[in-house]
Amino acid sequence: MNRSAMVRFLISFWFLLGAGGLLQAQQAPDLILYNGKIVTIDNHEVNGNLGNIVQAIAIREGKIVALGGNAEIRRRAGSNTKSLDLKGRTVTPGFGATHDHPQDWNPLNPTIMKKVVTDDMHIERFINVPPNEVMPQFTRVLDESVNKAKPGQWIRISLLYGKDYRWNQEISGLLGRQINKQMLDLAAPNNPVLVRGGFTGLVVNQKAIEVIKQFYGDQWNKFVVKPLQDYTERDPEGGGLKTGTCGVCYREVEQDVLYPNDELTEIYRIGLSWTSALGITLNGTSLYTGGAWRAFNTLDRRGQLSIRTAAGWFWPERNDILQDPYLVQFLVAQLGKGSDFLWNHGMTSHMGGGCSKLPGTSPEVKQQEGECGFADPIIARALYDYIKAGGRLAGDHQTGDGEVDLVLDIIEKASKDAGMTLDEIRAKRHVTEHMHMYPRPDQIPRFKNLGMMTSGMALDIYDGSSENYLKKYGERAGMQIIPRRSLFDAGVMNSVEIDRPISEYTDLTYMTVLYDGITRKDKDGKLIAPQQAISREEMLKAGTLFAAYGALRENVLGSLEIGKWADLVVLDKDYLTVPVDDIPKIRVLMTMVGGNPMHLVPSLAREWGMQPAGAQVELGGPAAQW
């Protein structure tokens with residue numbers, strides 16, 4: 001080929017290449033939503049600036065390709081583009097729950113469990129009555145269940161806390177007292193029995209303990225904290241074996257022992273779809289058991305996850321596991337890896353502790369605290385080794401400021417010993433979770449300096465837990481209870497947790513969670529440290545964009561920007577302008593993940609000529625009537 005021919009060839013090649021790129025850029029969207037109030041939250045600073053608000057959004061292949069005015073975006077429509085009129089409705093990015101456990105809460109949904117579990121599999125019963133009616137009904141249900149069960153068949157009874165989650169403290173207080181191992185042993189000597197609280201807590205009988213220990217076999221004695229032992233106990237015998245009670249070990253019992261994989265996977269498939277009706281498109285969690293990991297991986301492989309999940313590895317407090325440097329390096333190498341719907345965002349090495357530097361209002365308060373979890377050298381070493389190797393703390397449960405002191409010390413020492421620069425430490429974006437009673441004012445600059453985030457649950461205020469902290473530690477504790485105002489003022493990102501089974505059997509919603517962060521009101525209207533309240537704009541930003549930062553996916557999630565996944569919600573009222581006290585009344589009409597409606601209520605479906613979608617609609621949940 002001569003020089004002239006070569007030049008003509010190159011010109012033709014580049015022309016075709018350019019034309020192909022132009023054609024791709026001009027391809028029509030699959031979907032256009034127009035005539036709305038679309039809140040993009042494209043301002044990434046730690047403040048209440050929500051960025052641009054536009055009228056229309058264009059979506060192609062699950063991603064946002066354009067945002068702007070109605071005329072501008074509608075001109076992009078092609079013959080196959082579906083255009084839907086929002087009629088002025090508000091659209092926001094999908095909500096994030098940066099510390100929640102839908103896999104733990106889904107089995108507390110009577111509708112889902114009746115759909116999946118039959119009495120031929122095992123006996124599954126639910127009680128949802130006021131506290132004074134629980135014991136008479138429980139006795140009848142237990143007798144009926146034992147008479148119905150075949151020898152050796154599991155019996156599981158869940159005690160729920162009411163439509164407004166009002167009875168949690170009264171009913172959970174029955175476990176281990178009126179409802180105890182001795183009662184269950186007498187009533188069901190031939191059947192393993194599990195009594196589950198409507199949040200955490202359980203009681204099992206001797207037959208169940210035998211089945212559980214048989215499942216774990218010779219691994220049982222390798223746990224630093226055994227699955228049937230309260231985390232506040234440290235005796236080698238495992239106090240839970242004597243009483244049958246435990247806080248959160250229902251995970252090991254249910255997810256590894258009780259529910260077979262096919263059964264558990266179906267519970268999660270329906271349950272995550274049900275949860276999407278809250279407007280949640282992103283969940284941050286730790287998958288604490290092999291059973292949960294297997295079920296989530298199965299759903300991910302099948303393309304059946306309705307919610308994106310940033311999942312942390314949980315070290316199961318086995319004193320032989322993280323002493324293996326190969327495993328530590330492997331876990332670090334998995335950071336950020338996975339699919340578009342399931343990926344690893346860090347590791348937790350403990351369930352956290354409630355120790356505080358504050359003096360208690362009585363000597364008994366400090367005695368009940370016990371030791372900080374990270375005061376245990378085995379647990380502290382596990383986190384140190386992981387951080388030093390390049391890992392990221394995520395998915396933990398820090399309750400008190402004393403525990404957080406230890407966590408900050410470990411992060412600083414491990415990072416220094418690894419030779420990390422300050423920029424490298426900040427790039428990890430370590431996150432502590434819950435904020436029950438931290439950070440203290442003097443801890444906030446350390447968070448800022450290390451580039452760390454926090455995650456907190458406003459429902460701690462709603463359900464009365466924060467009031468208990470005030471009783472134990474006095475008014476000084478108030479400014480440490482989920483101190484969002486102080487964090488925003490210091491420029492520290494903080495995101496929104498739920499960490500309660502609100503969609504499973506209550507009338508509470510994600511809007512309840514946002515409302516509590518804005519008002520700091522408990523269920524009876526009492527204000528808890530109102531100085532730490534933030535604006536509705538700041539709370540929305542914490543529940544969307546900052547959730548994406550916590551999940552290490554801010555480049556594709558958390559805001560409505562070109563190139564990001566089309567994860568969004570359509571609301572029936574304007575969150576930004578309704579009276580504050582009307583925020584809990586806002587309904588989610590549609591939840592979209594990657595351009596696909598995971599939840600769509602009947603009224604909007606009829607308006608748009610579409611089929612309603614989502615488990616809550618299909619199974620007759622509250623949204624089925626909207």
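Keep in mind that what you see is a predicted model, and the values were worked out from it rather than measured.
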Option passing side chain to side chain contact (heavy atoms under 4.5 Å, CB included) with I57 (candidates L31, L33, I32): L33
Given T40, which of I64, V91, L568, L67 fulfils the side chain to side chain contact (heavy atoms under 4.5 Å, CB included) condition?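 Of I64, V91, L568, L67, side chain to side chain contact (heavy atoms under 4.5 Å, CB included) with T40 is met by L67 alone.
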What I'd like to find out is whether the side chain of [X] reaches to under 4.5 Å of the side chain of [Y], using heavy atoms alone.
X    : Y    : answer
V134 : V129 : yes
F341 : T309 : no
T265 : L299 : yes
M453 : T98  : no
T506 : P501 : no
I267 : M113 : yes
L278 : F95  : no
L282 : D567 : no

Quick one: do [X] and [Y] make a salt bridge, cutoff under 4.0 Å?
X    : Y    : result
R500 : D460 : yes
R429 : E554 : yes
D340 : R308 : no
D256 : R294 : no

Could you walk me through whether R392 and V431 pass the side chain to side chain contact (heavy atoms under 4.5 Å, CB included) check? CA-CA 8 Å; R392 179 197 188 224; V431 57; 3.8 Å; yes
For the atom pair [atom1] ([X]) and [atom2] ([Y]), what is the distance rounded to the nearest 0.5 Å?
X    : Y    : atom1 : atom2 : value
E433 : T285 : CD    : OG1   : 9.0 Å
L514 : T512 : CG    : OG1   : 8.5 Å
Y549 : T544 : OH    : OG1   : 11.5 Å

Checking the side chain of N344 only, and the main-chain atoms of A311 only, is there a donor and an acceptor separated by less than 3.5 Å? yes
Look at the aromatic rings of Y288 and F314 and report parallel, tilted or perpendicular, splitting at 30° and 60°.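 Answer is perpendicular, since the angle exceeds 60°.
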Given salt bridge (Lys or Arg N to Asp or Glu O under 4.0 Å), test R89 with E607 step by step and report yes or no. CA-CA 13 Å; R89 296 182 180 98; E607 184 178 312; 2.9 Å; yes
More than 12 heavy atoms of other residues, nucleotides or ligands under 6.0 Å from [atom1] of [X]: yes or no?
X    : atom1 : value
K148 : NZ    : no
K523 : NZ    : yes
K63  : NZ    : no
N147 : CG    : yes
Q219 : CD    : yes

Can the ring centres of F223 and Y216 be said to be less than 6.0 Å apart? yes
From the list W274, F296, W293, ring-ring contact (aromatic ring centres under 6.0 Å, His included) partner of Y268 resolves to F296
Evaluate side chain to side chain contact (heavy atoms under 4.5 Å, CB included) for T509 paired with I586, printing each intermediate quantity in order. CA-CA 9 Å; T509 69; I586 296 174; over 6 Å; no
F199/W105 under ring pair (Phe, Tyr, Trp, His ring centres under 6.0 Å): CA gap, chis, key distance, verdict: CA-CA 7 Å; F199 171 39; W105 317 143; 5.4 Å; yes
Would you give me the side-chain donor-acceptor pairs under 3.5 Å for residues 155-164, sequence neighbours excluded?
residue, atom, partner, partner atom, Å
R156, NE, E254, OE2, 2.9
R156, NE, Y259, OH, 3.2
R156, NH1, P107, O, 3.1
R156, NH1, E124, OE2, 2.2
R156, NH1, S158, OG, 3.2
R156, NH1, Y259, OH, 3.4
R156, NH2, P107, O, 3.3
R156, NH2, E254, OE2, 3.1
Y161, OH, G198, N, 3.2
D164, OD1, R166, N, 3.4
D164, OD2, R166, NE, 3.0

Does a donor on one side chain and an acceptor on the other come within less than 3.5 Å for [X] and [Y]?
X    : Y    : result
Q169 : D463 : no
H350 : E317 : yes
T90  : D574 : yes

Worked check of side chain to side chain contact (heavy atoms under 4.5 Å, CB included) between W220 and I212: CA-CA 9 Å; W220 182 264; I212 295 162; 4.1 Å; yes
Take F126 and T111 through the test side chain to side chain contact (heavy atoms under 4.5 Å, CB included) and record every step on the way to the result. CA-CA 10 Å; F126 293 86; T111 304; over 6 Å; no
